[in-house]
Each structure stands twice: as C-alpha cells, then as structure tokens.
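Input: a single structure, listed below in structure tokens.
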2 protein chains.
Amino acid sequence: MLTNSRLVHQAHDHGRCINAALTRALDLCVERKARMTPTREAVLRLLWQSHQPLGAYQLQDQLATLLDKTIAPPTVYRAIEFLLQLGLIHRIASLNAYIGCPFPNSDHSNLFMICNNCGSAAEVAHASINELLQTASDKANFTLQSQTLELFGLCPQCASIENESK
Amino acid sequence: MLTNSRLVHQAHDHGRCINAALTRALDLCVERKARMTPTREAVLRLLWQSHQPLGAYQLQDQLATLLDKTIAPPTVYRAIEFLLQLGLIHRIASLNAYIGCPFPNSDHSNLFMICNNCGSAAEVAHASINELLQTASDKANFTLQSQTLELFGLCPQCASIENESK
DNA sequence: ACATTAATGTTATATTATAACGTAACACTT
DNA sequence: AAGTGTTACGTTATAATATAACATTAATGT
Ligand SMILES: [Zn+2]
Ligand SMILES: [Zn+2]
Ligand SMILES: [Zn+2]
Ligand SMILES: [Zn+2]
C-alpha cells in the first residue's frame with residue numbers, strides 16, 4: 001500500500017516534500033512537452049506548502065502576495081486546470097479544495113483520509129480497494145472510468161489529543 | 001450486496017420507487033418526531049422523480065412550478081438539510097447534486113455509480129468495501145467518521161449503446 | 001388564550017467557478 | 001530576422017452554488 005499518511009501526520013522536513021514534488025513536476029513537463037510557468041510553479045508550491053488542501057480563493061490570496069500583483073480567479077483556475085491535467089494535484093470534491101499529489105504518474109486510487117479537526121489530507125494508493133471497486137463495478141455491469149474517494153475522520157495526532165482530553 | 005443498480009438502469013414502475021420512498025420517509029418522521037411538511041415532501045418527491053441527482057437550483061425551478069409560487073434558495077436548502085439529516089437523501093459532492101437514498105436507516109457505504117453519459121446514479125451498499133476502508137483506516141491510525149465514494153463511468157445501458165455504435 | 005418552539009418568507013450576500021475577449025509571450029518556419 | 005500559429009496570461013463580467021440575518025407565520029404544549 002502506497003501512502004503518504006505517515007509523512008502527513010508526523011513532523012518531517014517538509015522542504016523535501018516540496019522539492020521532490022517540484023522535481024517530479026519538471027520531469028513530467030519535459031516528458032509531456034508542457035510548460036511549467038512561474039504562475040503554475042507558484043500554485044504547485046503553495047499546494048505543497050502544507051498537507052492541507054487549499055481552496056481556489058485561498059490560492060488567489062497567497063499567489064497575489066507571493067507574486068506581488070493582483071491575481072484574478074481565471075489565472076488561478078487555469079493553473080489548477082493545468083496541474084490537474086498533468087496529474088500533479090487532485091481536487092477534493094467534498095471541500096472544493098486542491099492538494100498536491102505525492103505519487104503522480106503511478107496509477108492510483110485517489111483515496112484521501114481527511115482530518116475533520118486539523119484539515120490535513122493524506123493520500124493513500126490502496127491496490128486492493130481499487131480491485132474491489134473494479135469487481136463491484138464489473139458485477140453491476142458498470143464501466144468504471146474515474147473515482148472520488150474521500151474518507152473523513154480524525155488523523156492519528158488529532159485522535160490522540162481527543163483521547164487525552166477525556 | 002445491497003444495491004438499487006438494477007432498478008436504476010432498467011425500465012421499471014418508477015411510481016413504486018416514489019411511493020416506497022415516501023412511505024419510508026413518513027415512518028422515519030414519526031419515529032424521529034420530525035415533521036414532513038409540504039415543501040419537504042415535494043423536494044423528496046422531486047429527488048425521486050428520476051434516478052438522476054438534481055442540483056439545488058434545478059430543485060428550486062421544479063419546486064416553484066410544482067407549488068406554483070416563487071421559491072427562494074434558502075427554502076430549498078432547508079428542505080435539503082432536513083432530508084440529509086434524516087438520511088433520506090444524499091449529496092453527491094462531485095456534482096453538487098442531491099438524490100434520494102433507496103435504503104435509509106440501514107448503515108451503508110454511500111457508494112455511488114454515476115453514469116457520465118446519462119447522469120443516472122445508482123447507490124450500492126457494499127459491506128466488503130466498508131470493511132476494507134475500515135481496515136485501511138485502522139492501519140493508518142485514522143478514525144473513520146464518514147465517507148464520500150463516487151464512481152464515474154458508463155451505466156450498463158449507455159455502455160451497450162457505445163459498444164453498438166463501434 | 002398564551003408562551004414556546006419549529007418552520008417559512010424575504011433580502012442580501014458569500015463562495016466557487018467560468019465565459020468571453022483582448023494582449024503578450026513563445027516556438028516554429030521560412 | 002520577419003512572419004505565423006499556438007499557448008499562456010490579463011481583464012471584465014457573470015454564472016452557479018450556498019449561507020447569513022432577520023422578520024413572519026404556523027404548530028405545539030400548557
Ligand atoms: Zn494522487
Ligand atoms: Zn488532524
Ligand atoms: Zn443511501
Ligand atoms: Zn447511462
């Protein structure tokens with residue numbers, strides 16, 4: 001089971017997360033002959049700044065600060081669209097928010113574990129869940145094309161804090 | 001595996017679907033000492049009129065026609081909120097749309113198979129998927145509280161049409 | 001009848017996302 | 001280097017989804 005859940009939920013050198021993500025992104029751009037422009041890179045960085053998904057208008061604010069100029073919504077949504085297409089980020093439908101993907105390229109399940117308390121979102125690529133969903137689809141004669149899988153609850157940290165306070 | 005997928009994807013006496021849903025709803029209201037008002041009932045009926053999820057503003061239009069008066073968004077959202085609380089309907093996050101639940105009361109997985117072609121959404125209560133998600137959560141020390149599971153693809157009917165046209 | 005609570009009406013506004021159109025940067029050919 | 005097509009960005013306006021706040025009405029229990 002591929003997961004970034006331990007990283008997300010523990011203290012770690014997050015600069016490495018960002019750098020690794022950026023490197024993967026640049027490689028992917030070369031491969032696909034796509035352009036990683038300053039705006040796009042800034043959005044990707046912002047989405048990797050924490051392990052919490054950001055909304056488009058949060059991105060807009062932070063982008064305006066970062067680039068020191070006014071940014072209109074279409075600029076943000078265009079960068080988001082680009083990064084989504086390349087598979088570098090995901091949209092969390094339940095939150096109308098976006099987050100960097102820790103394992104682009106690789107075929108994975110888009111399964112997220114999202115903390116109701118701190119807002120962190122860990123992505124989990126779980127092969128047997130994929131298989132089971134495929135089996136369930138087959139049984140129903142449903143041609144599976146894509147999926148949105150979002151689990152909500154308490155991350156390990158927040159759960160332990162809740163337990164202490166009892 | 002509990003599912004309404006066969007019903008959704010085949011011709012059937014849909015009046016029965018609606019009546020059954022209404023009866024379940026009224027029972028549940030008695031049980032919970034909640035009131036099934038005309039507006040709430042109308043919204044529930046509309047959400048059972050087809051097996052396609054409806055957006056809040058589609059509901060607003062249809063409700064205005066049905067009740068023959070102007071309806072403001074809060075009215076619609078209040079009815080939606082009420083029905084969601086009772087577990088009589090679900091929200092499909094990826095679509096910002098709502099649909100009647102074929103098996104309220106029963107503890108189920110909120111798994112939907114949604115057709116990209118015709119828009120129909122079948123709900124599937126799949127125990128082993130639930131178990132697997134619980135296991136995955138346990139492994140990650142994640143306290144699972146709720147879930148959004150939406151599969152997109154082609155329903156049996158639309159898939160067979162696509163195959164014919166090849 | 002009266003007080004209390006629950007539901008609805010009404011107006012305004014917040015939040016998320018896109019349409020439409022013009023301009024600038026880039027990349028490729030000649 | 002100039003011309004041409006393509007890609008990305010800027011800008012304005014607006015669509016689509018959802019909620020806040022407060023007034024009014026209806027139902028419920030005493
Ligand atoms: Zn991913
Ligand atoms: Zn947390
Ligand atoms: Zn259901
Ligand atoms: Zn279909």
Side-chain angles (χ1 to χ4, degrees), chain A residues 25-26 28-44 46-47 52-64 66-86 88-99 119 148 150, chain B residues 25-26 28-44 46-47 52-64 66-86 88-99 119 148 150:
Chain A
L26 291 173
L28 198 58
C29 281
V30 171
E31 192 185 317
R32 305 275 185 90
K33 287 172 182 151
R35 295 186 218 158
M36 180 55 73
T37 65
T39 309
R40 291 166 176 177
E41 181 173 329
V43 168
L44 186 57
L46 287 171
L47 288 180
Q52 279 138 346
L54 288 181
Y57 287 77
Q58 290 176 283
L59 277 172
Q60 180 189 22
D61 288 347
Q62 299 191 19
L63 199 54
L66 196 65
L67 303 182
D68 194 33
K69 59 177 173 177
T70 59
I71 299 288
T75 301
V76 178
Y77 281 100
R78 281 167 185 156
I80 288 172
E81 180 60 25
F82 173 84
L83 296 168
L84 283 173
Q85 292 287 349
L86 282 186
L88 292 168
I89 65 172
H90 293 287
R91 179 171 195 268
I92 312 276
S94 311
L95 300 176
N96 296 326
Y98 306 85
I99 192 167
T148 294
E150 297 164 3
Chain B
L26 291 173
L28 198 57
C29 282
V30 171
E31 191 186 317
R32 304 277 184 89
K33 288 171 182 151
R35 295 187 217 157
M36 180 55 73
T37 66
T39 309
R40 290 166 177 177
E41 181 173 330
V43 168
L44 186 57
L46 286 171
L47 288 180
Q52 277 138 348
L54 287 182
Y57 287 78
Q58 290 175 284
L59 278 172
Q60 181 190 21
D61 287 348
Q62 300 191 20
L63 199 54
L66 196 64
L67 304 181
D68 194 31
K69 59 176 174 177
T70 59
I71 299 289
T75 301
V76 178
Y77 280 101
R78 281 167 185 155
I80 288 172
E81 180 60 25
F82 173 83
L83 297 168
L84 283 174
Q85 293 288 350
L86 282 185
L88 292 169
I89 64 171
H90 293 288
R91 178 169 196 270
I92 312 276
S94 311
L95 300 177
N96 297 325
Y98 306 86
I99 192 167
T148 293
E150 297 163 5

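What's counted below: heavy atoms across the whole structure, side chains too, no hydrogens, waters or symmetry copies. A, B, ... follow the sequence lines: proteins, then strands. Residue 1 opens every chain.
Counting non-hydrogen atoms under 4.0 angstrom, A:K33 reaches nothing in the nucleic acid. The residue B:R35 sits close only to the backbone: its heavy atoms come under 4.0 Å of sugar-phosphate atoms, none of a base.
Considering only side-chain atoms of B:Y77, the nucleotide from D:dA18, C:dT10, C:dT18 that sits closest is D:dA18. When distances are taken from the side chain of A:Y98 to each of C:dA17, D:dC9, C:dT10, the shortest belongs to C:dA17. Distance from the side chain of A:T37 is smallest to D:dC9 among C:dT10, D:dC9, D:dT12. Checking D:dG10, D:dA18, C:dA7 against every side-chain atom of B:R91, the shortest atom distance belongs to D:dA18. You'll find that the side chain of A:R78 is closest to C:dC21, out of D:dA18, C:dA17, C:dC21.
A donor-acceptor contact closer than 3.5 angstrom is absent between the side chains of A:Q62 and A:Q58.
If you find the closest nucleotide of DNA chain C to B:P73 and to B:P38, the one lying nearer the 5' end belongs to B:P38.
Residues B:C29 and B:L86 are in side-chain contact: their nearest non-hydrogen atoms beyond the backbone lie under 4.5 Å apart. No side-chain heavy atom of B:L47 sits under 4.5 Å from any side-chain heavy atom of B:I99.
The aromatic ring of B:Y57 is stacked on the base of D:dT17, with the two ring centres less than 5.5 Å apart and the planes inclined by under 30°.
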